[in-house]
Amino acid sequence: MDNIYVSPTEFASISGVSRQTLIFYEKKGIFLPAYKNEKGYRFYLMSQLDIIATIQSLQKIGLSLEEIKDYIEHRNVQSTYELFSNKINTLKEIITTYHKMINMMETKCQLITKANQILTDMVYIEYRDEIKIIKSDYIPFNSKEINQYKILGEHIKYRKKQNHSLGHAISGMVEWKKMLKSKRKKTFYQYYYTILDNQLEDENYDIIPSGNYLVIYHKGTYETSYQSYHLFLDYAKKNHLILDDIAYDESLIDELTEANPQNYITQISVKFKKELE
């Protein structure tokens, strides 16, 4: 069988590689006919099927034509092991990246679905499981606004470095009772935080505790979320509730999903407990 010569058409039919591809491989010096007669007609050996199969396999794992040519000319057991071992690691990294992209998009879709189902300017009661988060540095309430943005920038850098850019937008913790008593006309965050879908082994994290929360869904820009805080006080007074001092602002609809900031939806949550009778 090794000495059987066939025409390009026959070889193409048997190998599943088109004649045009065979000619292209020949021009690149990757795969040559076994024989050319005096008239220039090309002939291939059936034993070359193994080489063409090798070329196709190498293309599937992402090698360039130049890399394939070099590999075929110098291949041995050790070089094959090194090539495949490196490619396995590369493909695992690609798979991990795609999984993270899928998780990000699934989270965004879940947040959008939730935002489309809720009503704004009313109070909900929701039970929350514990949530792991990474917090920024603390921002004192009397700080200048520029300090808030500087710490936000540092949190963005850390989030990116640790690959925490997930489906959840950067969120904020607010000393909301101080906000209501102050003369500030913009929501001022004491911490920025990122909800963790995963964490690094050596990474310290904080927790948003489990429990019952009053939840408001505010429509409008991030800076105006404080305008909904009074709803907490009204509801707590009527229902004899004691509210924590910290509110958690998390975007459901943000700049990624909506061009008009007036259509942003922010989920605002405050933990509560019943007054003792």
Side-chain angles (χ1 to χ4, degrees), residues 1-109 132 134 153-168 194-205 256:
M1 179 177 174
D2 287 353
N3 295 322
I4 298 176
Y5 288 96
V6 295
S7 68
T9 300
E10 290 174 305
F11 190 83
S13 177
I14 295 169
S15 66
V17 176
S18 69
R19 285 192 60 177
Q20 290 81 1
T21 300
L22 293 175
I23 294 171
F24 177 72
Y25 285 163
E26 183 181 352
K27 288 180 178 178
K28 293 294 183 178
I30 296 171
F31 184 71
L32 305 176
Y35 169 69
K36 278 186 182 181
N37 65 17
E38 63 278 2
K39 294 184 178 180
Y41 294 137
R42 298 168 174 81
F43 295 91
Y44 295 88
L45 284 170
M46 295 303 294
S47 59
Q48 289 181 284
L49 287 172
D50 291 340
I51 299 298
I52 203 69
T54 299
I55 292 171
Q56 291 178 304
S57 295
L58 295 174
Q59 283 185 301
K60 285 182 179 179
I61 65 172
L63 265 65
S64 67
L65 294 178
E66 289 76 13
E67 289 172 324
I68 291 171
K69 180 180 179 182
D70 182 71
Y71 173 81
I72 289 174
E73 291 175 354
H74 303 99
R75 69 190 185 280
N76 56 50
V77 172
Q78 184 60 32
S79 65
T80 301
Y81 179 87
E82 292 175 359
L83 171 66
F84 281 25
S85 178
N86 291 334
K87 280 296 178 181
I88 287 170
N89 291 332
T90 300
L91 290 173
K92 284 182 177 179
E93 291 176 2
I94 292 171
I95 290 170
T96 298
T97 298
Y98 275 112
H99 277 310
K100 289 181 178 180
M101 291 170 61
I102 290 169
N103 289 338
M104 181 274 286
M105 291 185 285
E106 286 179 341
T107 298
K108 276 297 181 188
C109 288
K132 294 178 180 178
I134 294 295
E154 290 303 313
H155 188 69
I156 290 172
K157 290 177 186 176
Y158 178 82
R159 174 180 162 115
K160 184 176 181 180
K161 178 182 177 183
Q162 303 294 65
N163 201 21
H164 288 323
S165 300
L166 306 176
H168 294 281
T194 292
I195 294 175
L196 294 178
D197 290 339
N198 66 298
Q199 72 199 62
L200 305 177
E201 291 183 1
D202 60 345
E203 188 174 36
N204 293 322
Y205 63 88
L256 178 62

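The model shown is predicted, which means the values in this text are computed figures rather than measured ones.
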Minimum heavy-atom distance between Ala12 and Ser18, given as atom pair plus value: CB-C, 4.1 Å
Donor-acceptor pair between Tyr71 and Thr80 side chains, under 3.5 angstrom: yes
Closest contact, heavy atoms only, Gly62 versus Lys87: O-NZ, 4.0 Å
Exam field: side chain Ser79 to backbone Arg75, donor-acceptor pair closer than 3.5 Å: no
Side-chain donor/acceptor of Ser57 to backbone N/O of Ala53, under 3.5 Å: yes
Expected output: side-chain Asp70 to main-chain Glu66 donor-acceptor under 3.5 Å: no
side-chain contact (heavy atoms from CB on, under 4.5 Å) partner of Val17, chosen from Leu22, Leu49, Ile55: Leu22
Value rounded to 0.5 Å, distance of CD in Gln59 from CG in Leu65: 6.0 Å
Of Phe43, Tyr44, Tyr35, the residue whose pairing with Phe11 passes ring-ring contact (aromatic ring centres under 6.0 Å, His included): Tyr44
From OG1 (Thr97) to CD1 (Ile102), nearest 0.5 Å: 11.0 Å
CE-CD distance between Met46 and Glu10, expressed to the nearest 0.5 angstrom: 8.5 Å
Inter-residue atom distance Gln48.CD - Thr54.OG1, 0.5 Å rounding: 12.0 Å
Atom pair OH/NZ of Tyr158 and Lys161 - distance to nearest 0.5 Å: 8.0 Å
Pairwise side-chain contact, His168 with Thr194, heavy-atom cut-off 4.5 Å (strictly under): no
Contact check, side chains of His155 and Ile134, non-hydrogen atoms, under 4.5 Å: yes
Heavy-atom side-chain proximity of Phe24 to Lys27 below 4.5 angstrom: no
Parallel, tilted or perpendicular: rings of Tyr25 and Phe31 (30°, 60°): perpendicular
From Met104 atom CE to Glu106 atom CD, the distance as rounded to the nearest 0.5 Å: 10.5 Å
